[in-house]
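Reckoned from all heavy atoms, side chains included, excluding hydrogens, waters and symmetry mates. Below, chains carry the letters A, B, ... as their sequence lines are ordered, and counting in each starts from 1.
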Amino acid sequence: MQTRVSEPKTAGAAGVAPPQIGRRYDFRRIEKKWQDEWDRRRAFDVDADPDRLKYYCLVMFPYPSGEIHMGHCRVYSIGDVVARYKKMCGYNVLHPMGWDAFGLPAENAAIKAGRHPRDWTVANINRIKEQLHDLGMSYDWRREVTACFPDYYRWTQWLFLLMYRRGLAYRKKAPVNWCPTCATVLANEQVVGGACWRCETPVVKKELEQWFLRITDYADRLLDDLALLTGWPDRVLTMQANWIGRSRGAYIDFPLADGSGERLRVFTTRQDTLCGATYMVVAPEHPLVARLISAGGPGSEELRRFAERARNLSEIDRTSDPEKEGLDTGLRCVNPATGETIPIYTANYILLEYGTGAVMGVPAHDQRDFEFARKYGLPVRVVIKGPDSPGSADEMTEAYDGPGVMVNSGRFDGLSSEEGLEKVAAWLETEGLGAKTTIYRLRDWLISRQRYWGAPIPVVYCEDCGVVPVPEDELPVMLPYQVDFTPGVSPLARSEDFVRTTCPGCGRPARRETDTMDTFVCSSWYYLRYTSPGHDKTPFSREEVDYWMPVDQYIGGIEHAVLHLLYSRFFTKVLHDAGLVGFVEPFTNLLAHGMVTKNGAAMSKSKGNIVSPDEITVRFGADTARVFTLFAAPPDKDFEWTDSGVEGIFRFLGRVWRIVHDLGGAGGAGGSPSPDEADRDILRSAHRMVRKMTLDIDRRFNFNTAISAAMETVNDLYRYAESVPPARRSPAVVREVLEKLVLCLAPFAPHLGEELWQVLGGEGSVHDQRWPSWDEDLVRAEEVEVAVQVNGRIRDRVVVAAGTGEAELRELALALEKVRPHVEGRKVVKVVAVPDRLVNIVVK
RNA sequence: GCGGGCGUGGCGGAACGGCAGACGCGUACGGCUUAGGACCGUAUGGGCUGGUCCCGUGGGAGUUCGAGUCUCCCCGCCCGCACCA
């Protein structure tokens, strides 16, 4: 994509139109003027510079599904403020933008509109780019990446092959999640509560041969390295930890009692309770059950019906059904610790996918097992005695799952349950019956998609050579344009031209893989591509990546807490292991922003509650749109859209425009040379504003309070202008205050910032200036009002010199007329004096 | 069920354990105007006996000289995970 305006570089500010003298904040003229100027100067292009500190500010790239709304406006405004602020702080700032341009919505919309997904996507991209341009976003458009273009997906495919070479991409037949509406499979992360994350259709299980990425190989590191992410919100870290779901325990093999020598393997985190296992339970889909059914013995018909019923329940019903149903399979096995023969049940509360799909039932120490045992009359045996737990099974009304001392456990009696975990595992190992192990909730990442609009998986199937990866020098495997992409079977399978190929190994006819990759593969590495978008030897230049990465500030929605953010971490670790990058985590700091809602719901086309930034920019301007979305709430919170609030911001920017013209235009002529009290006050206001805005932006991204600090100083300026006649104003002070104000507002309202910087006669672009500093001594008030309390109730206030000591405050307070009646006749127990704050007199 | 977050005016939201409600919206009144839905100013948590008096941060207790803030219990809302062995 070409940028919108790309005229040759010309002289700088000299060519800029002079500021307009008038009484009106003419945002249309101002914004157009500066956008043109930025385009002409290519003001936002950046290059690596080893002599300068870098700062990589990144907002999650959008899916170009149409026009953008105020939610987008908000998040890009956040990114733009951070980028412009950091630039003013002296950093070499990378602030790129691109398009997560492959994906189902393009295909679905294209089918509906009768347009090709590519054309639809490109049209949307152009439209959104225009909108971002009109909002004054400071992107280096030379670095734009578009995931659906061959020069990008070539490298997505290359990375797939890297994974393949490293044994991390593999094909497997497995029961997978199928969304009937989207007509494709989904990764586990893309199933929310048993339904498709996009269209909320309940997913069904299908047995298919598919491509997976072995993310589970990285489960430990993905979990452990969360500790490195001190700049991430806790809730995201928690969500990832939950998702990975590491569970340490042991597997145990229970020999079947039929003399076959076969064993039934379970996973448990409580091997210390082994002697309390009085029965076994397997999932209805467990192979053992299937075998019993096909063997056709007594009871097999009942078993078949039971397994059928469980299987036919959707994922949602299965996991939300609290009633435990079970059935004795008739099989028996031996508890290796007690030598007892115990029954094997099958039950609906056992999940095939988790652990081994079988558990040992320890009713005394697991609540689910307890309920199940009571329902089916199975024995309950206490093997752990907690400090307050009942000693006998008969007294139990619920399971005891806490720690305690092992009882009824033979050789293990007397051990603490903690020791028992070790000792039982050691014993199992010497007996060859089990060992300690760790399992995860995380599954391998299913990346095959039976749809058209994605990056083709670069492999070929040859009758003789089997699965053959496409050689790197033949990449990209181009996605053909002319394809019947209506869903059904994989659309690419219908394109004979695409499918038919020759085997890279033996040269004989072969067939291409016709599935495409999950778009989350494309978005797992785009942040690397921004560093060197034209690079054509590898996905990215090592040198550029070493300079720019990791991303210093990543900004995006909480909905990707697990999905995109987990996948990207995985990719980064693989690239690190492959020696392609030097870091192990891609995103140092993460800001999870809130949504902009209207009528209580996130803005979306389907809900019809979209407010377009265009509506706002036309009526009030881009600066108003930006400042309002930042002012309405702290960035991590949702906020409900209101039109009336927008006008308030428009008023504020108009006030800024006018006060700068009134006080600062024409060089701020005349005035008194020596600053008086009013001058000191307004100067203090400005220094306070700088301090507050700096800390609010830097420390916690509270742009709302940063903006309110600027509003306070503007209010102070109006009071100053009204109360101090021109002849008595100090030009130096006025100038300093106005400069600080304009510099501080520049990242928020960049067009107005440039214009007013010019009005003040500033050199060059306001965005090339240094972020202002403040003087702590000036910030401190000369006089402060100290509250005087008696027993915690305010009785008076007194103005004293700032920094007045405790002793003096105490005396002052006790002498106050309004205080005396409350103190007289009582005993002063204590006086708490906090300088510059308050005095609290405690009486009895 | 487990984990996390949140509850403050009519509204969005501010408050290192130290004067609750900054800032903005809305509302009311005044000014300026031929006019204004522009602009400037003043007021704006509630109550009454109009005192810088009392009450007020979902409810209740506690710690403290002092609690929106810390602790415990309860109520309500939101999010994540959820029969995870």
Checklist line | C1' atoms of B:U49 and B:G12, separation to the nearest Å | finding: 37 Å
Item checked: Same-atom distance (C1') from B:G46 to B:G10, integer angstrom -> 13 Å
Residue [X], side-chain heavy atoms: nucleotide from [options] that is nearest:
| X | options | answer |
| --- | --- | --- |
| A:Met711 | B:G24, B:G41, B:G12 | B:G24 |
| A:Glu647 | B:A22, B:A85, B:G26 | B:G26 |
| A:Glu785 | B:A14, B:C53, B:C19 | B:C19 |
| A:Ala633 | B:G13, B:G18, B:C83 | B:G13 |

Notebook entry, point to check: Should the ring pair A:His560 and A:Trp197 be called parallel, tilted or perpendicular, given that the plane angle runs from 0 to 90° and is split at 30 and 60?
Noted result: perpendicular
Check: Can you find a donor-acceptor pair, distance only, under 3.5 Å between A:Lys830 side chain and B:C65 base?
Finding: no
Notebook entry, point to check: B:C65 base to A:Asn840 side chain: any donor-acceptor pair below 3.5 Å?
Noted result: yes
Next item on the list: Using the six-membered ring of A:Tyr251, assess whether NZ or CZ of A:Arg265 lies under 6.0 Å from its centre and within 45 degrees of the ring axis.
Entry: yes
Next item on the list: Report which part of the nucleic acid A:Arg797 touches: base, sugar-phosphate, or nothing (heavy-atom distance under 4.0 Å, all strands).
Entry: base
Pairing partner (Watson-Crick or G-U wobble, both distances under 3.5 angstrom) of [N]:
| N | value |
| --- | --- |
| B:G50 | none |
| B:C83 | none |
| B:U64 | none |
| B:C19 | none |

